[in-house]
K.L.:
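Quick one: structure below, then a few questions.
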Amino acid sequence: MSNMDPDASMPPAHRFGGAYLLALWQALGMQSSGKLKWLLAPSWGDVAFAVRSAFAAGLSLVIAMGMEMDSPQWAPLTVWVVAQSSRGESLSKARWRIAGTVLGCCVAVGLIAALPQSPALFFGVLACWIGLCCGMATFLEGYKAYGLVLTGFTSAIVATGAIMQPDQVFDIALSRGTYIVLGVVCEALLALLFMPGLHARARARLKTRLDAAQALVRKRVDCLVEGHPTTELDQSPLLGELTAAGSRIEYDALEAGGYGHMADHARAALAGLLVLLARAEGLATLKLLPADKVPTSIRKDEWAVREHVEACLTHRRGDHFRFRIRSRRHALEAVENGVRACAGILVGWLLWEVTAWPSGPTFMSLLALVYGLLATRENPVVASAPFFRGAVWCVLVAGVYVTLVLPALNTPEMLVLLMMVPMVIGGLAARNPATAGYAFSFNMFLPVLMGPNNQGRYDEVSFLNASLAFLGAVLVAGWTYRTVLPFRPDSHMLRTARWSSRQLQGLASANSRVSVYQWLSGNADSLVRIMRNAQGIALPRRNAFARQQFSGMVSGMHVILLRELALAPTTPPAVQRALRAFLRHWEHDDGTLVTRQAASTARWLERQVAHMPPQQQEIFEHALVSLRLLACAQPVDLP
C-alpha cells in the first residue's frame, strides 16, 4: 500500500481538478518571481505603506463627506500626493504643500478680483504666472521646488473653478485649502500610528547610511592605494550612492527630530568623502600613493569626516554649524521649463475657447495640475508616458465603480471599504520602480474621477466628460513637453560640459567664492543626474562626458586649493606671486600653455620648498602635488 499512488483512489475529475489547481499555483509562484512579484509577494514595508496610505485616503474621504464638503474627492488626492516611503519625506512635502496652497489661493483670489471679465487677459496672466513658478522651481531642490510649482497650479485650480462664479472665489479658495489640510492631517495621523519609535529608527538609519558611504569610499581608496586601475565611468555608481545618500539626509534628520545641525554635519561628512575620493584619484594619477603608507592629506580628510559623523549623531549645545550645498542648475533649463508650462496653459485655453466645451473648467484645472506634477521631474518627457498609462487604468477602474459599485451604495463607509482594494494595489505599485510611474497618476486621480458626493453621484455622461477632460489634460501636457522646447539629454550634456569648462576657469579668480565642497558636490550631482537620463546616448559619448566631468572635479579641487593658498596671509610673498601668476594663466588661457605654466611653477616651487622650515614644507608639498596634477591634466572633447 505504501507504494501506491495516493491519488489513485480519487475520482478522475477530482484528480484533474487538483492537478489544475496545483499547476495554477505554480504558475502564480513563477510569475510572482517576475513582473508581478510586487503584487503577489510584496515586502512587509511595501504592504505597510500601501495599507497606511489607503486608510489615510479613506479616512480623509469619510471626514470630508461627513463635513458635507462640496468636493470631498480632493482630500484623498492630497493624501496620495503627500504620502511618501519615509516619514521625513512626507513631513517635508506636507509642509511645502500647505505653504504653496496658501500662497496659490491668495494669488487666485487676486486674479479673479483684478480680471473678472477679461478672459483672454486672465488666462494670459495665469499662464505667465504658472510658467514663472515652473521656471523658478528649476533653481530649487527637493520639495521646495514642488511647493513653488504647487503655488502655480493651485492658483489655476481655484481660479478656473471660480471663473463661472467669481463672487464665490473666496469660498472656493477656502474649501480647497481645507481639503489640503485635511489630507495632510490624515496622512500624518496614520503615519504616526504605523511608525512607532520614529526618532530612534531614523537616527539608526542615518548612522547606517553614513557608515555605508564611508565604507564605499574607503574601499575605492584602498583600490587606488593598491594600484588597481579605474575609469571615470567606474566612479558613476559610487557618486550615485553618495548623491542618493545626500538627498535622503534632510528627511532622515527631519524624522530624527534634529533638522538643524544634524543635517548640516551629515552633508558636510558626505562632502568630505567626495574630497577624499577626489584627492585619492589625483594622487593615484601621479602615482604618489604608496602601498605601505597612506598620505597625511588623506588621513586628515578621513579624520574630518569622522568628526562630522560624530557631531551629526551627538547633540552638542551651542552648535551653530551650517553647511549648504546647491546643485547645478542652468538658466536655459528654467526658461524652457517656464515656456513649456505657459504654452500648455495657453493651448488648453484656446481649445476651451474654440470648442466651448462645458467641461472646460475641469480640463483647465486638471491640465494645470498635471503640469505641476510633471514639471519637477528630471525628464518630463519620459515621465509623461507612464503617467498617461496610469491615467488610462485609473479611468477604467473608476468607470467600473461609477457604473456598478456606487449605485448600490448609500454610505461613505461602504464606499471607502470597497475602494480599499484598488487603493492598496496602487500603493503597492507605487513602491515598485517598474510600476511607480503608473501608480503616480492612478492613486491620485482615482477618487477624483469617482466623484463621491453626499447629494448624489456621477451619472455616466458626467463621468465620461470628466474622464475625457482628465485624459485630454494628460495628452496635452505630454504633447507640449514633446514639441515645445523638448528636453534632449544630448544637448543638455553638451551644454553642461561647456558650462563646466567655463566654471573651471573661473575658479582661479580671486573673486571666486566657490569652495571645494560646493564644487565637488555640484559636479557629482550634475554627473549623476545626466547619466541617469542618458541611456539613449551612445556609450562612447557617455564615457567621454563622464571622463570630462570627473577630470574637471579633480582639477577644480586643486585649483581652489591653490587659490586659497595664494590668498592666505601666511604664504610667503614670492610664493604668492608665483601662484597668482599661474592662476591668471589658468583663468584666461587653456590648452598646452596652462600645462606648461603649471609644470614650470611646480619646478620653481619644488626648489623653494627645499629651503622652507619643516612646518611649512607639508603645506606647500600639497600645493606642489596640485601643480603637478594640473600639469598632467588634458582637456577632454566630446565626440
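All values derive from a computational prediction rather than experimental measurement.
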K.L.:
Stepwise, does the side chain to side chain contact (heavy atoms under 4.5 Å, CB included) test hold for L373 with M444?
P.N.:
CA-CA 11 Å; L373 295 172; M444 286 186 289; 3.6 Å; yes
K.L.:
Over 60° means perpendicular and under 30° means parallel, so classify the ring planes of W80 and F49, tilted if in between.
P.N.:
perpendicular
K.L.:
For side chain to side chain contact (heavy atoms under 4.5 Å, CB included), just list the numbers for V81 and Y146, CA-CA rounded to whole Å, side-chain angles, deciding distance to a tenth of an Å, and then say yes or no.
P.N.:
CA-CA 11 Å; V81 169; Y146 169 76; 2.8 Å; yes
K.L.:
Keeping R563 on the side-chain end and L507 on the backbone end, is there a donor-acceptor pair under 3.5 Å?
P.N.:
yes
K.L.:
What's the spacing between L148 CG and M136 CE if we round to 0.5 Å?
P.N.:
7.0 Å
K.L.:
Looking only at side chains, do Q548 and S500 share a donor and an acceptor under 3.5 Å apart?
P.N.:
no
K.L.:
Looking only at heavy atoms, what is the nearest atom pair of C134 and V149, with distance?
P.N.:
CA-CG2, 4.2 Å
K.L.:
Look only at the side chain of Q518 and the backbone of S515, and say whether a donor-acceptor pair between them is shorter than 3.5 Å.
P.N.:
yes
K.L.:
Treating W519 as the side-chain partner and V554 as the backbone partner, does any N or O pair qualify as donor plus acceptor under 3.5 Å?
P.N.:
no
K.L.:
Which residues satisfy the ring pair (Phe, Tyr, Trp, His ring centres under 6.0 Å) test with F153, sequence neighbours excluded?
P.N.:
none
K.L.:
Return yes if some donor-acceptor pair links the side-chain N/O of T571 with the main-chain N/O of L565 below 3.5 Å, else return no.
P.N.:
yes
K.L.:
Is L627 close to R603 at the side-chain level, that is, under 4.5 Å between some pair of heavy atoms?
P.N.:
no
K.L.:
Could you tell me whether the side chain of Q214 and the main chain of V305 form a donor-acceptor pair under 3.5 Å?
P.N.:
no
K.L.:
Does the side chain to side chain contact (heavy atoms under 4.5 Å, CB included) test come out yes or no for F545 and T496, once each step is laid out?
P.N.:
CA-CA 9 Å; F545 177 77; T496 300; 4.1 Å; yes
K.L.:
If every non-hydrogen atom of R267 is compared with every non-hydrogen atom of D264, which pair is closest and at what distance?
P.N.:
NH2-OD1, 2.8 Å
K.L.:
Does the S600 side chain pair with the main chain of Q597, one donor and one acceptor, at a distance under 3.5 Å?
P.N.:
yes
K.L.:
Using the side chain to side chain contact (heavy atoms under 4.5 Å, CB included) rule, pick out the option among L210, L520, V217 that qualifies with L273.
P.N.:
V217
K.L.:
So, taking the atom named NE2 in H585 and the one named OG1 in T601, what distance separates them when rounded to the nearest 0.5 Å?
P.N.:
7.5 Å
K.L.:
Any side-chain heavy atom of L150 sitting closer than 4.5 Å to one from W96?
P.N.:
no
K.L.:
Are the side chains of H588 and Q505 in touch, meaning some heavy atoms are under 4.5 Å apart?
P.N.:
no
K.L.:
When you compare the side chain of M612 with that of Q608, does any pair of heavy atoms fall below 4.5 Å?
P.N.:
yes
K.L.:
Work out which heavy atom in A566 is nearest to a heavy atom in R580; give both atom names and the distance.
P.N.:
O-NH2, 3.4 Å
K.L.:
If I compare all heavy atoms of L583 with all of A508, which pair ends up nearest, and what's the gap?
P.N.:
O-CB, 3.3 Å
K.L.:
Looking at every heavy atom in both A430 and A436, which two are closest together, and how far apart are they?
P.N.:
O-CB, 3.7 Å
K.L.:
Under a 4.0 Å threshold between the charged nitrogen and the carboxylate oxygen, would E606 count as salt-bridged to R628?
P.N.:
yes
K.L.:
Any donor and acceptor pair, going by atom type alone, linking the side chain of W586 with main-chain N or O of L504 inside 3.5 Å?
P.N.:
yes
K.L.:
For side chain to side chain donor-acceptor pair (under 3.5 Å), just list the numbers for D211 and T208, CA-CA rounded to whole Å, side-chain angles, deciding distance to a tenth of an Å, and then say yes or no.
P.N.:
CA-CA 5 Å; D211 290 343; T208 301; 5.8 Å; no
K.L.:
With the side chain counted from C-beta on, respond yes when L562 and L630 share a heavy-atom pair under 4.5 Å apart, and no when they do not.
P.N.:
yes
K.L.:
How far apart are the C-alpha atoms of C312 and H308, what are their side-chain angles, what is the distance that settles it, and do they pass the side chain to side chain contact (heavy atoms under 4.5 Å, CB included) test?
P.N.:
CA-CA 6 Å; C312 170; H308 282 298; over 6 Å; no
K.L.:
Donor-acceptor pair, distance only, cut-off 3.5 Å: does the side chain of T138 make one with the backbone of G135?
P.N.:
yes
K.L.:
Hey, are D46 and S43 close enough side-chain-wise for a donor-acceptor pair under 3.5 Å?
P.N.:
yes
K.L.:
Which heavy-atom pair separates A631 from T595 by the least distance, and what is that distance?
P.N.:
O-CB, 3.6 Å
K.L.:
Would you say that F620 contacts P572 through its side chain, given a criterion of any heavy-atom pair below 4.5 Å between the two side chains?
P.N.:
yes
K.L.:
According to side chain to side chain donor-acceptor pair (under 3.5 Å), who are the partners of H622, at least two apart in sequence or on a separate chain?
P.N.:
none
K.L.:
Could you state the interatomic distance from CG (L605) to OG (S626), rounded to the nearest 0.5 Å?
P.N.:
10.0 Å
